[in-house]
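Please read all numbers here as calculations on a predicted model, not as lab measurements. Proteins come first, then strands; the chains are lettered A, B, ... in the order of their sequence lines, and each starts at number 1.
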Protein chains: 2
Amino acid sequence: MNVQNGSAAPEGGKARRIYLLLRDEIMGGTHAPGSALPGELRLAETHGVSRVTIRRALDALVGDGLVERRAGSGTVVRRPSTQPVQLRADFATLMPQLQRMADATTARLLSFAYVNPPAMVAEALNIAAGERVQRAVRLRLADDKAFSHLTTFVPENIAQSYSEADLASTPLFRLLERRGVRIGNAHQTVSAVLATPDTAEALETTVGAALIALTRVVYDSDGAGIEYLSALYRPDRFQLEMTLNRVGGSDDRHWEPVFGEAAQRTAK
Amino acid sequence: MNVQNGSAAPEGGKARRIYLLLRDEIMGGTHAPGSALPGELRLAETHGVSRVTIRRALDALVGDGLVERRAGSGTVVRRPSTQPVQLRADFATLMPQLQRMADATTARLLSFAYVNPPAMVAEALNIAAGERVQRAVRLRLADDKAFSHLTTFVPENIAQSYSEADLASTPLFRLLERRGVRIGNAHQTVSAVLATPDTAEALETTVGAALIALTRVVYDSDGAGIEYLSALYRPDRFQLEMTLNRVGGSDDRHWEPVFGEAAQRTAK
DNA sequence: GAAATTTGTATTTTAAAAGATACAGGATAG
DNA sequence: CTATCCTGTATCTTTTAAAATACAAATTTC
């Protein structure tokens, strides 16, 4: 009745749970392409369900094109035919990265309005009670595939210093700096959340899938809140990366992040 | 039959899915403590299920002590009685942080063995076919509460330069550097995954919950793989943080990570 | 080539979850 | 005080998922 992707994801129940789990493991690399999954009987035991249920979960994976089944042999993880789009962003230098990324990706505005800020946002930006904020929800696509769901909150008085059109052409921070706002620092937090019905739909995934959640709060030089960003990423299409170097003398050896392009080269 | 936490999490099916979702939202701050959840009827519509099903999910949340229901008034998010333990680690300087953290936390060894490396690991560490690796699975607890599930892979020849006892007292990198291994750089990736039966049990959470996944590969100065770490964190008990400063002249303004203690002070 | 293992298929039974519905009772807004 | 909106409770029905079971067919292993 409610088919999500094109796949035959089980509606609810254990089969669905196991489907999500296995899918997650496969896309996360736990089961490498070409390698065989544990046998159906084994899986049934591991997850404490009957073989029939495992079977239903596997059926869905086959429907997704993630695995291939060979009678008598086993179930094997398929080599993804379409290259994993896998965008990567360096966590240490996230901002400029995102900037460059903006060129290679498309954004779609899902919603735009001035609203009363959620408690979290009001607290983080230190918004006075009753004051409103501009909320914009954007979807970012690469290669016509959605990989990130962004919700930004900007205090009303700041938001009014630019138009929607401005935003389309120029990054927010440039706009603000031109207007004399002196950006001070930003604070980022990374977490993991489950896809809700709306975010799942936007990101073309399934309710209950694991998403990377990044929260960023930007302050001006006086410590006043400028922007609150809540970003959700599909882990199979986007990943946060960072390279560290071991530096210093034998007394004070420690790690130091590698910036920008160097990080890309050092990796792998 | 299979109660996970002490809560009454629905076995499978939609009620469970919605329970997980709402729980995730509450713990993630979408619904601030003290604020009311959407009405049951509204929730039923949003999630496309009947009110009874929503009700079952809410029952579980009440069982967890996450929400309080008042007849006629609504369902309200409870202020957590036990302060959120919330360990925080700075992503940029993760290593020293972890070092310091080790003092305040306990580790429990769940398994220890020499095994054939999974494909992912073999590739990342550039292990020759047939060569084995030391695999150790550890659980890290703070305040008697598990917050992280660590699996490390170290090539056999390197692992043999220290004993299990050594590891208990001294961090791996110190041990290796004393043995003449010259540590070069490390590469980290952050993602999000779902809790599987085993990781869920270890982390005292529920199958299908969202977890932060951090993968780290450490190389020596010759580029040879030294350690492959796969860490899972409970997002309600651990978070990756980072503070950035806006620096540079008007021509070349960009962001730069703030290290160590400074980051802690700047935040909030 | 025989034995063991693994997936494929089918049927039936059992259990669990979800839904529909109706009404009682508390809380709040006007 | 009343209309309205919420949760509380109960019952019954329907639908769906899961389990149990048996056997066939393909593959690998020895």
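- Of the two residues contacting DNA chain C, namely G72(B) and G48(B), the nearest-nucleotide position lying further toward the 5' end is that of G48(B).
- The CG-C1' distance, from L37(B) to dC5(D), rounds to 16 Å in whole Å.
- Taking only side-chain nitrogens and oxygens, S50(B) comes nearer than 4.0 Å to OP1 or OP2 of dG19(C).
- With rounding to whole Å, R16(B) atom CZ is found 15 Å from dA17(D) atom C1'.
- None of Q134(A), R135(A), R132(A) except one satisfies the side chain to side chain donor-acceptor pair (under 3.5 Å) rule with Y114(A); the exception is Q134(A).
- Of the candidates dG8(D), dT21(C), dA18(D), dA18(D) carries the atom nearest the T53(A) side chain, counting heavy atoms from C-beta on.
- Taking the charged nitrogens against the carboxylate oxygens, K145(A) and E204(A) have no contact shorter than 4.0 Å, which rules out a salt bridge.
- For dA19(D), the OP1/OP2 oxygens have a side-chain nitrogen or oxygen of K14(A) closer than 4.0 Å.
- In the set dA20(C), dG8(C), dT7(D), the nucleotide with an atom closest to the side chain of V52(B) is dA20(C).
- Considering D64(A), D59(A), D24(A) in turn, D64(A) is the only one that fulfils the side chain to side chain donor-acceptor pair (under 3.5 Å) rule with Y19(A).
- Taking the side chain of R51(B) as heavy atoms from C-beta on, and the options dA18(D), dT7(C), dA22(C), the nearest nucleotide is dA22(C).
- Rounded to an integer number of Å, the gap from L43(B) CG to dC5(D) P is 17 Å.
- Taking atom CD1 of I54(A) as the reference point, atom P of dT6(C) lies 14 Å away to the nearest angstrom.
- Close to dG8(C), at under 4.0 Å from its OP1 or OP2, lies a side-chain N or O of R69(A).
- Nucleotides of DNA chain D nearest to E40(B) and S73(A) differ in position, and the one nearer the 5' end is that of E40(B).
- In this entry the distance linking CD1 of I18(A) with C1' of dA18(D) reads 11 Å, nearest Å.
- Counting to the nearest Å, the P atom of dG8(D) and the CG atom of L41(B) are 14 Å from each other.
- Atoms OH (Y19(A)) and P (dA17(D)) sit 15 Å apart, rounded to a whole Å.
- Remark: P of dA17(D) and CZ of R17(A) are 14 Å apart, rounded to the nearest angstrom.
- In this model, the phosphate group of dT7(C) is approached by a side-chain N or O of T75(A) to a distance below 4.0 Å at OP1 or OP2.
- Using a 4.0 Å cut-off, some side-chain N or O of R55(B) falls inside it from OP1 or OP2 of dG8(D).
- Ring geometry, F153(B) versus Y228(B): the interplanar angle exceeds 60°, so the pair is classed perpendicular (tilted spans 30 to 60°).
- A donor-acceptor contact under 3.5 Å links the side chain of R56(A) to the base of dA18(D).
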### Query
What do the steps show when you test R108(A) against R140(A) for side-chain contact (heavy atoms from CB on, under 4.5 Å), and what is the final call?
CA-CA 6 Å; R108(A) 191 193 304 161; R140(A) 203 159 267 288; over 6 Å; no

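- Closest contact between the side chain of A15(A) and the listed nucleotides dT9(D), dG19(C), dA18(D) involves dA18(D).
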